[in-house]
Amino acid sequence: MRVSRSLLVTLRDDPAEAEIPSHRLLQRAGYIRRVASGIYAYLPLMWRVLRRVSAIVREEMDATGALETLLPQLQPAELWQRSGRWAGYTDGEGIMFHLVDRQERALGLGPTHEEVVTALAADLLRSYRQLPVCLYQIQTKFRDEIRPRFGLMRGREFIMKDAYSFHADPDDLAATYAVMEQAYSRIFARCGLRAVAVEADSGAIGGSASKEFMVTADAGEDLVLTSSDGRYAANQERAESLPPAAVALPPAPPSTLETPGQSSIEALCSAHGFHPSQIVKVLLLVARFAGGRQQPLLIVLRGDQELNTVKLSNGLNRAHGPSWGSLLQLQPLEPGQLAAPDRLPFGFVGPDLDDAVLADSPGLEPTFLRLADGTALDLERFVAGANRRDLHRTGLSWGTEGDGVLAPPPRQDLRAAQPGDPCCHDPSQQLVAARGIEVGHIFQLGRKYSEALDARFTNDQGQDEALWMGCYGIGVSRLAQAAVEQHHDEAGIIWPVAIAPYEVIVVIASAQDPQQVALAERLYGELQAAGVDVLLDDRPERAGVKFKDAELLGIPWRLVVGRGAAEGRIERVERASGERQDGEVGALVDDLLQRLRQQRNPLA
RNA sequence: CGGGGCGUAGCGCAGUUUGGUAGCGCGGGUGCUUUGGGAGCAUCAGGUCGCAGGUUCGAAUCCUGUCGCCCCGACCA
């Protein structure tokens with residue numbers, strides 16, 4: 001392709017709306033344009049990148065035996081009602097775009113395809129002899145994100161590869177899950193990304209085992225915790241760790257403590273010399289369930305620990321979802337929700353707070369659901385609020401009766417793992433925090449969807465049973481931007497060869513010099529004939545402009561035809577290393593072709 | 001949804017406090033010079049100042065409403 005004909009529009013200034021480097025660069029170098037919030041046009045250069053990423057994804061998916069399909073984006077509400085997800089995905093802060101057609105039928109734009117693919121499986125799969133099967137597609141997904149941001153990172157319309165596997169038993173599912181994990185590692189490696197697989201929460205999609213693939217980058221929206229020996233990595237939502245040891249509170253009889261205005265752990269510690277682990281803190285929340293129940297929660301944690309809301313939500317769903325409907329929302333209890341806010345001394349609350357503070361509050365259940373993390377329950381003695389303003393108690397303990405003895409709430413794992421915590425697999429290792437961009441997520445779904453949508457097959461015993469399912473996603477457009485986030489410098493993008501829009505750019509230093517033009521044209525033709533994706537910068541610009549653009553675009557190799565053209569000499573510059581070589585055309589090109597063969601597929 | 005900010009030429013911005021009929025840089029066209037690291041000079045084109053009401057002799061500027069966009073948070077396969 002000739003640059004003069006390529007609709008290349010680069011910007012000299014950073015676009016005002018872009019915050020992170022990858023978004024700025026993609027916009028500035030003419031790869032994407034915003035059409036509306038979270039909705040982008042992929043310009044010709046970007047489309048080439050996306051096609052190359054897709055090609056790698058296809059090769060690796062095909063290699064696992066998966067079958068490519070294309071499923072509808074417009075989906076009937078009825079399917080989603082059958083899986084039980086319609087309300088959750090469309091009400092309130094649901095993320096599904098939905099509409100009503102001229103016949104008053106409700107439809108949604110697919111944010112994911114479990115329903116459609118499971119309905120198809122129900123129709124097509126009848127016998128264990130057909131299993132396992134894995135279907136995949138590369139297609140645009142729609143999600144009405146609460147806050148789209150960072151360009152393609154969190155868009156409302158984006159390209160995704162999603163795959164769904166069907167199995168006769170859980171072992172076979174686990175085997176395919178392992179194959180997919182391998183395929184994913186290969187895909188990210190081939191795309192030139194440093195990615196780590198981390199244990200993850202399976203979230204709203206449901207299921208048991210789940211892993212996320214994270215591209216490490218400062219702009220990442222997720223916090224990943226890894227052990228320094230590399231044997232453990234997990235999303236913080238899901239991470240497990242050993243709690244750091246508590247500092248024992250010296251034995252003393254129970255007593256009250258004047259704590260004027262000391263409503264935070266820090267204030268308490270600095271005023272009285274406590275260690276945060278000697279204090280028991282109480283969080284008051286309200287959980288809203290699909291059945292309409294608004295349940296006040298009293299959460300007890302050790303003072304140095306933080307609540308992991310994902311663990312709490314999962315626990316609530318498990319214990320109460322069947323009777324109260326699924327958990328919709330978890331929010332702090334606000335004084336405004338109480339009939340008599342004055343009765344509740346926020347900041348001085350202890351685990352034994354009386355349910356009476358909730359009395360007559362409209363909409364709220366009249367009693368707290370009380371839960372305590374093990375770290376708090378394992379304290380022998382502790383400090384806690386006295387349930388009266390400006391007053392705490394010390395020398396408290398857990399038990400059934402006695403002075404200063406509080407009834408322990410039911411135990412549940414609620415604490416968030418933190419950087420610096422000892423690792424479960426080896427207490428001598430500590431967790432280290434890194435930011436990550438989620439580019440892939442694989443799940444063992446189990447039978448959640450097949451049971452809901454009645455996707456059944458006949459097993460080898462002649463019995464009818466629900467299919468076992470897995471699902472596997474890769475954010476294709478997000479992956480492309482994540483690559484930029486990981487590979488750029490001051491001057492612009494530095495594409496890995498495997499996903500670059502073009503592998504080589506031939507720059508004519510002076511388009512007025514017929515000798516330069518002739519040599520560049522010859523070179524351009526030869527490279528094309530050799531199967532190289534090559535750009536020819538034939539614009540009548542000054543050399544400096546073309547060099548800047550080549551760097552901004554991030555083309556891995558630049559061949560400059562300039563002063564040496566008459567002697568058949570050119571300059572070759574590698575974008576990533578900045579390494580320059582002057583030499584005779586033929587030799588430099590031969591060497592380049594060799595390097596390209598290797599760089600196109602680092603795993604080959 | 002809560003908090004904050006911004007909508008003025010294709011892009012980046014000034015002008016708004018104190019109302020007087022719109023400007024700068026980049027980019028685009030043309031001509032001359034220049035020609036290996038985002039050139040110089042000259043010249044031209046390009047804006048219903050997001051939109052709708054209102055106040056005023058007069059509104060980019062003041063008031064009301066509305067739409068859009070960005071950031072933080074909540075939220076999120």
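Residue numbering restarts at 1 for every chain, and letters A, B, ... go by the order of the sequence lines.
Looking at heavy-atom distances under 4.0 Å, A/Arg28 makes contact with a base. At a threshold of 4.0 angstrom between heavy atoms, the contacts of A/Val9 with the nucleic acid are absent. In this structure, A/Ala16 reaches the sugar-phosphate backbone alone: every heavy-atom distance under 4.0 Å involves primed, P, OP1 or OP2 atoms, never a base. Across all strands, A/Glu19 comes closer than 4.0 Å only to sugar-phosphate atoms, never to a base (heavy-atom distances).
For the pair A/Gln295 (side chain) and A/Ala287 (backbone), a donor-acceptor distance under 3.5 Å is absent. The closest donor-acceptor contact from the side chain of A/Lys311 to the backbone of A/Arg415 lies under 3.5 Å.
Remark: P of B/rG37 and CZ of A/Arg580 are 10 Å apart, rounded to the nearest angstrom. Straight-line distance from the CZ atom of A/Arg156 to the C1' atom of B/rG68: 11 Å, rounded to whole Å. The distance from atom CD1 of A/Ile146 to atom P of B/rG2 is 13 Å, rounded to the nearest whole Å. Protein atom CD1 of A/Ile20 is 10 Å distant from nucleotide atom P of B/rC71, rounded to whole Å. The separation between A/Glu145 atom CD and B/rC1 atom C1' is 16 Å, rounded to whole Å. Between A/Leu312 atom CG and B/rC75 atom P there is a gap of 11 Å when expressed in whole angstrom units. Following rounding to the nearest Å, A/Lys546 (NZ) and B/rU35 (P) show an atom-to-atom distance of 15 Å. Distance A/Leu552 CG to B/rG38 C1': 10 Å, rounded to the nearest Å.
Separation of the A/Tyr472 and A/Tyr184 ring centroids does not fall under the 6.0 Å cut-off.
Side-chain contact, A/Tyr40 with A/His23: a donor N or O sits under 3.5 Å from an acceptor N or O.
Within the shown strands, B/rC72 is the pairing partner of B/rG2 under the Watson-Crick or G-U definition, both distances less than 3.5 Å. Pairing of B/rU56, defined by two Watson-Crick or G-U wobble distances under 3.5 Å, is not identified with any nucleotide. Across every strand in view, B/rA39 sits in a pair with B/rU33 that passes the Watson-Crick or G-U test at under 3.5 angstrom. Using the Watson-Crick or G-U wobble rule with both distances under 3.5 Å, B/rG65 pairs with B/rC51. Nucleotide B/rC13 has B/rG23 as its partner under the Watson-Crick or G-U criteria, with both atom distances under 3.5 Å. Remark: B/rG28 base-pairs with B/rC44; criterion is Watson-Crick or G-U wobble with both hydrogen-bond distances under 3.5 Å.
B/rU35 and B/rG50 have their P atoms separated by 45 Å, given to the nearest Å. Rounded to whole Å, the P atom of B/rG23 lies 15 Å from the corresponding atom of B/rU16. For the C1' atoms, the distance linking B/rG12 with B/rC6 amounts to 14 Å, nearest Å.
Taking 4.0 angstrom as the limit, A/Ser37 places a side-chain polar atom (N or O) nearer than this to OP1 or OP2 of B/rC70. Contact check, A/Arg12 against B/rG38: no side-chain N or O comes under 4.0 Å of OP1 or OP2.
Judged by distance alone with a 3.5 Å cut-off, no donor-acceptor contact links the side chain of A/Glu541 to the base of B/rG38. If you check distances only, the side chain of A/Asp549 does reach the base of B/rG38 with a donor-acceptor pair under 3.5 Å. In terms of polar N and O atoms assigned as donor or acceptor, the side chain of A/Arg558 never comes within less than 3.5 Å of the base of B/rG36 in a complementary pairing. For A/Arg147 and B/rC76, a side-chain-to-base donor-acceptor distance below 3.5 Å is absent, hydrogens and geometry of angles not being considered.
Of all the heavy atoms in A/Gln305 and A/Lys281, the pair that sits closest is O-NZ, 2.8 Å.
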Report the C-alpha separation of A/Leu8 and A/Leu553 in whole Å, then their side-chain angles, then the decisive distance to 0.1 Å, and conclude whether the side-chain contact (heavy atoms from CB on, under 4.5 Å) test is met.
CA-CA 10 Å; A/Leu8 177 67; A/Leu553 290 180; 3.7 Å; yes
